[in-house]
There are 2 protein chains.
Amino acid sequence: MSDREVGGAAEAAAAVIPGSRAMLAVIARSLSPLHGQVTVPQFRILVILADSNVALRSGDLAKALDVHPSTLVRMADRLVARGLIRRSENSASRRETLIELEPAGLDVVRTVTRRRQRDLRRILERMTSGERAAFVDAMQSFTRAAAADADADLTSFGL
Amino acid sequence: MSDREVGGAAEAAAAVIPGSRAMLAVIARSLSPLHGQVTVPQFRILVILADSNVALRSGDLAKALDVHPSTLVRMADRLVARGLIRRSENSASRRETLIELEPAGLDVVRTVTRRRQRDLRRILERMTSGERAAFVDAMQSFTRAAAADADADLTSFGL
DNA sequence: CCAAACATGTGTCACAATACAACAATTGAC
DNA sequence: GTCAATTGTTGTATTGTGACACATGTTTGG
């Protein structure tokens, strides 16, 4: 019966909660190099820019982060002051301001990713190679299933 | 050779990064019910209290969150004002203040967990039952391996 | 019993995030 | 070519985090 099917997924979801916490711990830890340099909301700007690989308009960034445009202006001010992003004029439309990553900003993102990868590796080293392979497969099928959900706004949560 | 072993874990770590992001998206989304009610740092206090199931001393909470004791006092003030936690005297030692969850505070934590579980379930429903079972197993072995890391301060990151 | 060590709370400060309203500049539509 | 819509920015205000120094009350060890 369909109850049993749904029950399977529901049970699985419950069983996976501790794992989601363990994963979050890794992610949270990977953010620690930011300490003092960049705040988490600021870092999200850097991640979105790094992912998109092109200059973005201020308003689009605000929409992506779901904040008021004026909020984004102030955050961008701080990131410019720290040399992590740069504003540039859009030749096509002079009322728009484009924002792009400075090399230092990309470094910040890469440092965090590297740290996360390192911490994950340490944990994975503690598994048998069979468990490890199964884990990689499982995470990939999870990623596929999650992507099928296709809430595009969540794609850019790369913390 | 050990190079190959380590390489396996390193490759696996890289392969798993997108999955960690997908998981983070789920977690971040589960936090949305907090909007306007509680901030993320405040929520972490609630989670620690909910996990420990007993009243904790103010200083211990500050240590668990890695913030200055005075910072915790102010955060606790706000949570008390919102009726989510309660301060109580410790009969054993009158200089210590104990902090414990109010029912409303526990509700907040449960709401977030429920939401996360629901979102996970939706994703898991999209997998075959074989994939789902493999995913549960894999997450459990990951949790075990991560716990063996035993950085106690990370245990309480239950966001 | 007294002094040192300890736990919490207050006063004060700095700074980030965030929103709203008002404004300036620019573009596009008719 | 004028006028309305769009885009970014500034002024202003609120709230939360966080730290430090200091005050107050409380144990505890001599």
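Throughout, protein chains are lettered first and strands after them, A, B, ... in sequence-line order, and every chain is numbered starting at 1. Because the structure is predicted, anything quoted here is derived from the model rather than measured.
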Does [X] put a side-chain nitrogen or oxygen below 4.0 Å from OP1 or OP2 of [N]?
X: B/R57; N: C/dG9; answer: no
X: A/S93; N: C/dT26; answer: no
X: B/T39; N: D/dT17; answer: yes
X: A/R78; N: C/dA16; answer: yes
X: A/T97; N: D/dT9; answer: yes

Beyond-backbone contact of [X] with [Y], side-chain heavy atoms, under 4.5 angstrom:
X: A/L98; Y: A/R57; value: yes
X: B/R116; Y: A/R21; value: yes
X: A/M75; Y: A/L65; value: yes

message: Grouping I, L, V, M, F, W and Y whenever their side-chain heavy atoms are under 4.5 Å apart, do B/V47 and B/L34 come out in a common cluster?
response: yes
query: Given the rule that I, L, V, M, F, W and Y join up when any side-chain heavy atoms are under 4.5 Å apart, are B/I99 and B/V73 in one cluster?
result: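 No, because B/I99 and B/V73 fall into different hydrophobic clusters, even though each may have its own neighbours under 4.5 Å.
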field: Donor/acceptor link under 3.5 angstrom from A/R94 side chain onto base of C/dT26
entry: no
- prompt: Checking only heavy atoms, does the side chain of A/R95 share a donor-acceptor pair with the base of D/dT7 at less than 3.5 Å?
  reply: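 When only heavy-atom distances are counted, A/R95 does not reach the base of D/dT7 through any donor-acceptor pair under 3.5 Å.
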What is the distance from [atom1] of [X] to [atom2] of [N], rounded to the nearest Å?
X: B/M75; N: D/dA19; atom1: CE; atom2: P; value: 9 Å
X: A/L79; N: C/dC15; atom1: CG; atom2: P; value: 16 Å
X: A/R87; N: D/dT7; atom1: CZ; atom2: P; value: 17 Å
X: B/N90; N: C/dC6; atom1: CG; atom2: P; value: 18 Å
X: B/R44; N: D/dG18; atom1: CZ; atom2: P; value: 8 Å
X: B/H35; N: D/dT15; atom1: NE2; atom2: C1'; value: 13 Å
X: B/D77; N: D/dT15; atom1: CG; atom2: P; value: 15 Å
X: B/L72; N: D/dT17; atom1: CG; atom2: P; value: 10 Å

message: How close do B/Q37 and B/Q42 get, counting heavy atoms only, and between which atoms?
response: O-OE1, 4.4 Å
If you look at every strand shown and take non-hydrogen atoms under 4.0 Å, does [X] touch a base, only sugar-phosphate, or nothing?
X: A/T71; value: base
X: A/R74; value: base
X: B/P69; value: nothing
X: B/S58; value: sugar-phosphate

- prompt: D/dT17, C/dT10, C/dT18: which one has an atom nearest the side-chain heavy atoms of A/P41?
  reply: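 Looking only at side-chain atoms, A/P41 lies closest to C/dT18.
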query: Considering only side-chain heavy atoms of B/E96, which listed nucleotide, C/dA17, C/dT8, C/dT10, is closest?
result: C/dT8
message: Here's a test of your reading of the structure: between A/D66 and A/A92, which maps to the more 5' nucleotide of DNA chain C?
response: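 Looking at DNA chain C, the more 5' nearest nucleotide goes with A/D66.
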- prompt: Given that A/H68 and B/I99 both sit by DNA chain C, which one's nearest nucleotide is further toward the 5' end?
  reply: B/I99
